[in-house]
There are 2 protein chains.
Amino acid sequence: MFSRLSTVTTDQPRPAARRTRNRPGEGERLRAEIVQAADRLLADAGSVERLSLRGIARAVGITAPAIYAHFSTKEALLAAIVERRFAGLADTLAGAASSADEPRAVVRARARAYVRFGLEHPGIYAVLFGPAADHLGLAYSGSPGERVFALLLDPVAELMTPRGDDPLARAADLWAALHGVVALRSTQTGFPWGDLDPQVDRVVDRLLAS
Amino acid sequence: MFSRLSTVTTDQPRPAARRTRNRPGEGERLRAEIVQAADRLLADAGSVERLSLRGIARAVGITAPAIYAHFSTKEALLAAIVERRFAGLADTLAGAASSADEPRAVVRARARAYVRFGLEHPGIYAVLFGPAADHLGLAYSGSPGERVFALLLDPVAELMTPRGDDPLARAADLWAALHGVVALRSTQTGFPWGDLDPQVDRVVDRLLAS
DNA sequence: TGTACATCAGTGAACGCGCGTTCACTGATGTAC
DNA sequence: TGTACATCAGTGAACGCGCGTTCACTGATGTAC
């Protein structure tokens with residue numbers, strides 16, 4: 001008895017944290033812990049494929065089936081992370097420029113913030129805008145990602161409309177270019193990219209030129 | 001005996017093609033068949049993760065271990081595909097513009113060809129320039145990908161150097177933008193992208209402006 | 001204040017899956033005599 | 001021309017792995033009497 005107990009106790013596996021079971025009525029707390037751990041693992045380790053329910057459970061200090069009390073499916077959990085992060089990114093972009101600024105400065109500030117976000121959290125960025133986004137049903141139409149795009153489109157429209165240029169096309173060009181900067185810099189790490197902000201400024205200024 | 005033989009024969013599983021074993025001395029033929037099948041599967045099904053040795057074997061009509069006679073590892077097989085495709089892409093880009101054209105037209109033609117390649121073969125493109133390229137050791141430095149980049153860089157340099165602009169930075173901007181066009185159009189399929197060539201032309205012309 | 005009980009957060013074992021890779025082998029082919 | 005043999009292209013069974021998901025359950029907690 002004693003020896004068995006002490007074995008089990010000593011034998012503590014991977015889980016970093018010692019957990020105390022939530023009290024009845026507080027089960028919802030685990031939900032938050034799960035999302036937080038999953039988000040951190042995704043941010044650290046870079047790709048959705050490497051994110052497993054078992055790994056998340058290990059990080060939280062529970063067993064994998066316990067996740068099913070809060071998420072019916074791995075995809076449901078991913079969707080929760082993604083929604084949170086989309087909202088966070090939108091807030092970041094919105095906050096990157098005061099609305100009093102002139103439109104070109106707004107675009108520049110938001111472009112820098114967008115790219116920085118992508119490079120700082122490649123795993124998160126990939127889930128929001130990479131191939132994984134596709135089969136998560138997070139494509140443009142009607143999704144929270146639309147809100148993020150609107151934060152680029154709006155100031156671009158302020159610049160283009162008076163000029164008679166097509167704002168949607170120009171904002172799309174810009175989005176694509178910024179995405180490319182994030183994606184290629186993340187992947188082609190041996191390439192002599194040079195400093196980030198000057199590149200973003202060059203791209204923004206030229207793509208918005210008449 | 002008979003029944004067993006006929007069962008085995010009738011019971012023919014997935015493999016599409018009926019194969020006749022190569023004769024001694026002709027084992028090398030299988031190598032080419034494997035690469036071809038793997039390349040096709042990758043081009044069709046879109047992502048490296050979904051490409052398995054067992055799937056390739058099924059497509060060729062052999063068993064998975066037979067692959068090991070020709071490739072010591074799944075990665076070795078991927079590397080063979082990638083090298084072939086890099087060379088093919090370089091040829092396509094080189095052929096997209098006659099060297100007599102003026103540099104701006106060369107860039108435009110190669111940019112269109114690059115983007116078209118990426119959109120027509122998303123699975124291949126992803127292995128060449130996506131996140132998978134990273135851990136395959138196919139990053140920029142010293143790789144065949146460098147040859148592809150040089151095909152953009154050279155005409156850009158012709159344009160920039162007389163002007164005193166930095167060709168490497170401008171070519172990098174362009175590469176990133178083109179990559180973004182490919183990646184986002186592949187992923188965000190619900191977005192109102194508009195026609196491809198006009199977008200590529202807009203991006204090229206503006207990013208090369210002074 | 002003390003006991004019986006219902007609740008429910010979380011466990012542990014098991015499922016079937018497809019994967020990359022290993023290993024000992026089979027059996028048709030071309031060759032040597 | 002016919003037989004014995006070595007070669008070697010490819011097989012089939014098995015390995016251990018981590019995965020998402022299911023299921024019957026345990027046992028600490030708060031509550032009712």
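Here is how names work: the chains are called A, B, and so on, in the same order as the sequence lines, proteins then strands, and each is numbered from 1.
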Would one find a side-chain N or O of [X] under 4.0 angstrom from OP1 or OP2 of [N]?
{"X": "R58(A)", "N": "dG18(D)", "result": "no"}
{"X": "R23(A)", "N": "dG30(D)", "result": "yes"}
{"X": "S52(A)", "N": "dC19(D)", "result": "yes"}
{"X": "T73(B)", "N": "dT21(C)", "result": "yes"}
{"X": "R19(A)", "N": "dA9(C)", "result": "no"}

What is the base-pairing partner of [N], counting Watson-Crick and G-U wobble geometry with both distances under 3.5 Å?
{"N": "dT31(D)", "value": "dA4(C)"}
{"N": "dT21(D)", "value": "dA14(C)"}
{"N": "dT26(C)", "value": "dA9(D)"}

Closest to the P24(B) side chain: dT21(C), dT29(C), dA9(C)?
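So the side chain of P24(B) is nearest to dT29(C).
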From the set dG10(C), dT22(D), dA13(D), return the single nucleotide nearest to any side-chain atom of P65(B).
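The listed nucleotide nearest to P65(B)'s side chain is dA13(D).
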Might you work through the ring-ring contact (aromatic ring centres under 6.0 Å, His included) test for Y114(B) and Y125(B), ending with a clear yes or no?
CA-CA 10 Å; Y114(B) 179 94; Y125(B) 185 84; 5.7 Å; yes
When the distance from [atom1] of [X] to [atom2] of [N] is rounded to whole Å, what number comes out?
{"X": "I67(B)", "N": "dT22(C)", "atom1": "CD1", "atom2": "C1'", "answer": "15 Å"}
{"X": "K74(B)", "N": "dT21(C)", "atom1": "NZ", "atom2": "P", "answer": "8 Å"}
{"X": "Y68(B)", "N": "dA14(D)", "atom1": "OH", "atom2": "C1'", "answer": "14 Å"}
{"X": "E75(A)", "N": "dC19(D)", "atom1": "CD", "atom2": "C1'", "answer": "15 Å"}
{"X": "I56(A)", "N": "dG18(D)", "atom1": "CD1", "atom2": "C1'", "answer": "14 Å"}
{"X": "I62(A)", "N": "dC8(C)", "atom1": "CD1", "atom2": "P", "answer": "19 Å"}
{"X": "E33(B)", "N": "dA9(D)", "atom1": "CD", "atom2": "C1'", "answer": "12 Å"}
{"X": "E49(A)", "N": "dC19(C)", "atom1": "CD", "atom2": "C1'", "answer": "15 Å"}

Give a yes or no on this: more than 12 heavy atoms of other residues, nucleotides or ligands lie within 6.0 Å of atom CD of E33(B).
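Yes - once you tally the heavy atoms of other residues, nucleotides and ligands closer than 6.0 Å, there are more than 12.
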is_close_aromatic(F129(B), F86(B)), centroid dist under 6.0 Å:
yes
Whether the side chain of R21(B) and the base of dA9(D) hold a donor-acceptor pair under 3.5 Å is what I'd like checked.
yes
Does L153(A) reach the side chain of W175(A), with side-chain heavy atoms less than 4.5 Å apart?
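Answer no - side chains too far apart.
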Inter-residue atom distance Q199(A).CD - R112(A).CZ, 0.5 Å rounding
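Rounded to the nearest 0.5 Å, the CD-CZ separation comes to 12.0 Å.
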Using a 4.0 Å heavy-atom cut-off across all strands, classify A66(B) as base, sugar-phosphate, or nothing.
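The answer is base, as A66(B) lies within the cut-off (heavy atoms under 4.0 Å) of a base atom.
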Distance-only donor-acceptor check, side chains S47(A) and E49(A), under 3.5 Å:
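Indeed, the side chains of S47(A) and E49(A) share at least one donor-acceptor pair under 3.5 Å.
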Please compare H70(A) and R54(A) by the position of their nearest nucleotide in DNA chain C and report the one closer to 5'.
H70(A)
